[in-house]
Amino acid sequence: MDLRAMFHIHEQGEEEELLQKDSNPNHRHRERIFRPRISLFGLNEEEVRSRYRFSTEVILELYEQIQQDIEPNCERNHAVPGMVKLLSALHYFSSASFQGTVSALSGISQPSFSRHLTQVLKAINKLTPQYIVFPSDKTAIQTIKDGFHKMSAFPNVMGSIDCTHVALSPPTEDIYRNSKNFHSLNVQMVCASDMRILNLVAGYPGSTHDSYILKHSSLHSILTSGNLPEGWLLGDDAYPLTEWLLTPIKDPKTAAQKQYNAAHKAAHSAIERTFGSLKSRFRCLDRSGGVLQYSPEKGAQIILACCILHNLAVSRNLDVEIVDDLETPPPVPPVSKEENTQAGKQTRMREAVFATEILRRGTQTSGSPAFQYGDFLPSVIS
């Protein structure tokens with residue numbers, strides 16, 4: 001494939017109209033000046049990865065997937081090519097620069113960049129069913145379970161769940177102010193052990209409690225439907241303990257309880273690594289890179305697009321260096337003990353026993369233990 005033809009790169013860019021005097025001092029006319037537009041030509045692979053957080057090959061792959069939605073649908077001279085729109089958006093996501101800065105570097109005007117960003121967001125977000133999917137078939141679920149078991153020895157884990165905040169320019173509604181006193185969206189994610197995002201809820205205000213988001217999400221309906229194989233999510237104490245969501249044991253005392261917490265922490269760390277990778281790749285999502293200068297609705301669209309792109313990067317093994325200045329998350333109060341279910345307590349007791357026993361025996365199985373739990377249960381009641 002001819003890359004130059006595919007990019008539709010022009011040496012001329014977005015037109016700027018400048019008033020200039022002609023030979024008649026009483027007359028003025030506008031001369032069209034075109035700034036050079038961005039392209040991948042002239043950049044080595046290291047420069048491409050640094051600027052856009054993706055390899056040239058993956059950028060081309062993404063472009064092919066959304067080309068029909070971002071190419072200009074007119075024959076107007078100097079219409080902004082789809083590849084320029086995509087590169088401008090990727091640069092904004094990765095750098096968190098203001099629109100004016102990105103548009104100047106991209107060779108398009110600020111109003112044009114704003115329009116094209118909306119177009120690119122819609123095109124990328126149409127790929128959601130392809131890239132962000134909570135599995136429903138046994139084979140896919142078992143693959144996720146195997147990944148978590150390999151990293152932590154914790155069995156039957158279908159995902160690690162938590163919320164992260166993305167800072168916003170202050171909306172008029174104070175409900176977006178979080179516990180650290182800045183305005184944000186509280187974003188729920190579930191990930192696999194390889195940091196693939198399996199489920200995303202991106203539209204809730206920053207003051208919303210994590211457990212409320214889960215309870216009112218479609219994921220809650222999926223997990224409580226009884227249609228999935230046996231398994232659970234792992235969450236922190238911001239979530240209630242249920243038979244399908246296991247949380248750490250507060251103040252563990254026995255060896256079984258401590259081993260359960262250690263295995264839980266190892267498996268649950270996948271979501272923290274996911275947040276770190278996502279926000280290091282796309283600095284527009286972290287407060288250390290600035291805040292999203294958009295409405296909450298458009299902010300949610302940007303978050304969704306970045307999560308789709310994150311999964312694309314994970315699927316292509318494109319690692320990113322985790323930056324060390326990421327914003328620490330706002331504190332979340334734990335749920336009350338009354339919200340923990342008896343079925344959840346029994347499940348957690350059983351897994352605490354299992355966590356200790358599999359380490360003692362040195363077994364590598366990720367299925368159910370081949371011994372009776374009854375003799376051990378009194379030592380792990382919490």
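These values consider heavy atoms only, across backbone and side chains, with no hydrogens, waters or symmetry-generated copies.
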Self-check item: Residue from Thr128, Ile197, Leu62 passing side-chain contact (heavy atoms from CB on, under 4.5 Å) with Ile308
Solution: Thr128
Quiz prompt | Salt bridge present between Lys126 and Asp69 (N-O < 4.0 angstrom) | solution = yes
Quiz item: So do the side chains of His209 and Asn186 get within less than 4.5 Å of each other, counting heavy atoms only?
Solution: no
Quiz item: Is any side-chain heavy atom of Phe282 less than 4.5 Å from a side-chain heavy atom of Leu309?
Solution: yes
Practice problem: Please determine if Glu327 and Lys180 form a salt bridge, counting it only when a charged side-chain N lies under 4.0 Å from a carboxylate O. | Solution: yes
Quiz item: Does the ring centre of Phe154 sit less than 6.0 Å away from the ring centre of Tyr260?
Solution: yes
Self-check item: Listed partners of Arg316 passing salt bridge (Lys or Arg N to Asp or Glu O under 4.0 Å), at least two apart
Solution: Glu61
Self-check item: Heavy-atom side-chain proximity of Val120 to Leu90 below 4.5 angstrom
Solution: no
Exercise. Answer yes or no on whether Arg287 is positioned over the face of Phe182, meaning its NZ or CZ is under 6.0 Å from the six-membered ring centre and within 45° of the axis.
Key: yes
Quiz item: Ion pair present between Lys150 and Asp194, side-chain N to carboxylate O less than 4.0 angstrom?
Solution: no
Quiz item: For Ile175, does the CD1 atom have more than 12 heavy-atom neighbours from other residues, nucleotides or ligands under 6.0 Å away?
Solution: no
Quiz item: Is the closest side-chain heavy-atom distance between Arg283 and Ser95 below 4.5 Å?
Solution: no
Practice problem: Answer yes when Arg51 and Glu45 have at least one side-chain N-carboxylate O distance shorter than 4.0 Å, and no when they do not. | Solution: no
